[in-house]
Amino acid sequence: MVFRSFMDIALDEARAAAGRGEVPVGAVLVSPDGTVVARAGNRTRELNDPTAHAEILVIRAGCAAAGSERLPGHDLYVTLEPCPMCATALSAARIARLYYGAADPKSGGVAHGPRIFSHSQCHHVPEVYDGIDAQASEALLKDFFAARR
């Protein structure tokens, strides 16, 4: 089986989020057969919703499409290491594989901070692959925040 990354779509969503004045994070949910189920960028400001992170939005859309609260076999691509809230949602949704770009030492919840997947209370741990197109993801974030300083 040949690996096919969907990070290019996540990066497009991150760029669109930046264009809306949102922190440039994008996510893509891919079904077990390789079909893109949902794609989104952050919309916390637009929706006045602190939970409207890209990961949460694609999980909500994927669950609605599946008619289930779980998404076994699905892959999630996101441009930034998920925060603790998003990592917990990934576990609850039973996402099979997480691919992320940039590390987030300040607010991450996977490799940094509380490391959600390492807790005994975590009922499902996805396979985690980091550093996918990390340089492009980091550049988007650095440019976005530099423009605001």
Side-chain angles (χ1 to χ4, degrees), residues 3-117 124 126-149:
F3 173 71
R4 182 338 189 166
S5 175
F6 290 83
M7 194 61 80
D8 57 329
I9 299 171
L11 285 163
D12 287 343
E13 290 295 329
R15 289 183 197 97
R20 294 189 301 272
E22 301 276 357
V23 174
V25 177
V28 179
L29 182 67
V30 180
S31 72
D33 70 4
T35 302
V36 172
V37 175
R39 55 190 287 170
N42 278 356
R43 292 186 177 275
T44 59
R45 291 183 176 179
E46 175 186 343
L47 299 176
N48 299 311
D49 179 355
T51 69
H53 291 196
E55 303 95 306
I56 299 294
L57 297 174
V58 297
I59 289 171
R60 287 177 182 161
C63 287
S68 174
E69 76 281 11
R70 294 187 177 164
L71 299 165
H74 286 67
D75 295 343
L76 191 133
Y77 291 79
V78 63
T79 57
L80 181 65
E81 176 184 349
C83 72
M85 173 185 70
C86 292
T88 301
L90 288 166
S91 177
R94 305 303 196 264
I95 298 295
R97 284 164 295 280
L98 165 64
Y99 300 90
Y100 70 86
D104 190 353
K106 180 181 174 194
S107 300
V110 176
H112 297 90
R115 294 177 171 91
I116 296 298
F117 302 141
H124 170 77
E127 294 175 29
V128 177
Y129 303 92
D130 63 351
I132 310 294
D133 286 334
Q135 195 169 29
S137 298
E138 290 169 8
L140 273 173
L141 289 160
K142 286 179 182 175
D143 292 348
F144 178 81
F145 287 112
R148 277 150 181 74
R149 291 190 182 113

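Residue numbers start at 1 and run along the sequence shown. Fair warning: this is a prediction, and the values are worked out from it, not measured in the lab. Note that these values count all heavy atoms, side chains included, but never hydrogens, waters or copies made by symmetry.
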Side-chain (Thr35) to main-chain (Ser31) donor-acceptor, under 3.5 angstrom: no
Pairs meeting criterion salt bridge (charged side-chain N to carboxylate O under 4.0 Å, His left out) with involvement of residues 99-115, two or more places apart: none
Closest approach of Val78 to Leu98 (non-hydrogen atoms, all atoms of both residues): CG1-CD1, 3.9 Å
Expected output: side-chain Asp75 to main-chain Val30 donor-acceptor under 3.5 Å: no
Evaluation steps, side-chain contact (heavy atoms from CB on, under 4.5 Å), between Val110 and Ile116: CA-CA 6 Å; Val110 176; Ile116 296 298; over 6 Å; no
Side chain Glu127, main chain Ala96, donor-acceptor under 3.5 Å: no
Side-chain H-bond candidate by donor/acceptor type, Asp49 with Thr51, under 3.5 Å: yes
Results of side-chain contact (heavy atoms from CB on, under 4.5 Å) for Ala17 - residues two or more places apart only: Arg20, Glu22
Backbone of Ala27 reached by a side-chain donor or acceptor of Glu55 within 3.5 Å: no
Arg94 side chain vs Ser91 backbone, donor-acceptor pair below 3.5 Å: yes
Side chains of Val36 and Ile9 in contact at under 4.5 Å (non-hydrogen atoms): yes
Centroid separation Phe3 to Tyr99 less than 6.0 Å: yes
Contact check, side chains of Val25 and His53, non-hydrogen atoms, under 4.5 Å: no
Side-chain donor or acceptor of His74 paired with backbone N/O of Leu71 under 3.5 Å: yes
Atom of Ser137, atom of Gly101 and distance for their closest heavy-atom approach: OG-CA, 4.0 Å
Smallest separation among heavy atoms of Leu57 and Ala40, with atom names: CB-CB, 3.8 Å
Side-chain (His124) to main-chain (Ile95) donor-acceptor, under 3.5 angstrom: yes
Nearest heavy-atom neighbours spanning Asp8 and Ser5: OD1-O, 3.8 Å
Taking every non-hydrogen atom, the tightest pair across Pro114 and Gly108: CD-O, 3.7 Å
Separation of Ile132 CD1 from Tyr77 OH (nearest 0.5 Å): 7.5 Å
From CE (Met7) to CG (Asp12), nearest 0.5 Å: 12.0 Å
Steps toward side-chain contact (heavy atoms from CB on, under 4.5 Å) verdict (Val128, Tyr100): CA-CA 8 Å; Val128 177; Tyr100 70 86; 3.8 Å; yes
Minimal non-hydrogen separation, Gly62 against Val37, with atom names: CA-CG1, 3.8 Å
side-chain contact (heavy atoms from CB on, under 4.5 Å) between Leu76 and Val28, worked out: CA-CA 6 Å; Leu76 191 133; Val28 179; over 6 Å; no
Check: Leu11 main-chain N/O paired with Thr79 side-chain donor or acceptor under 3.5 Å: no
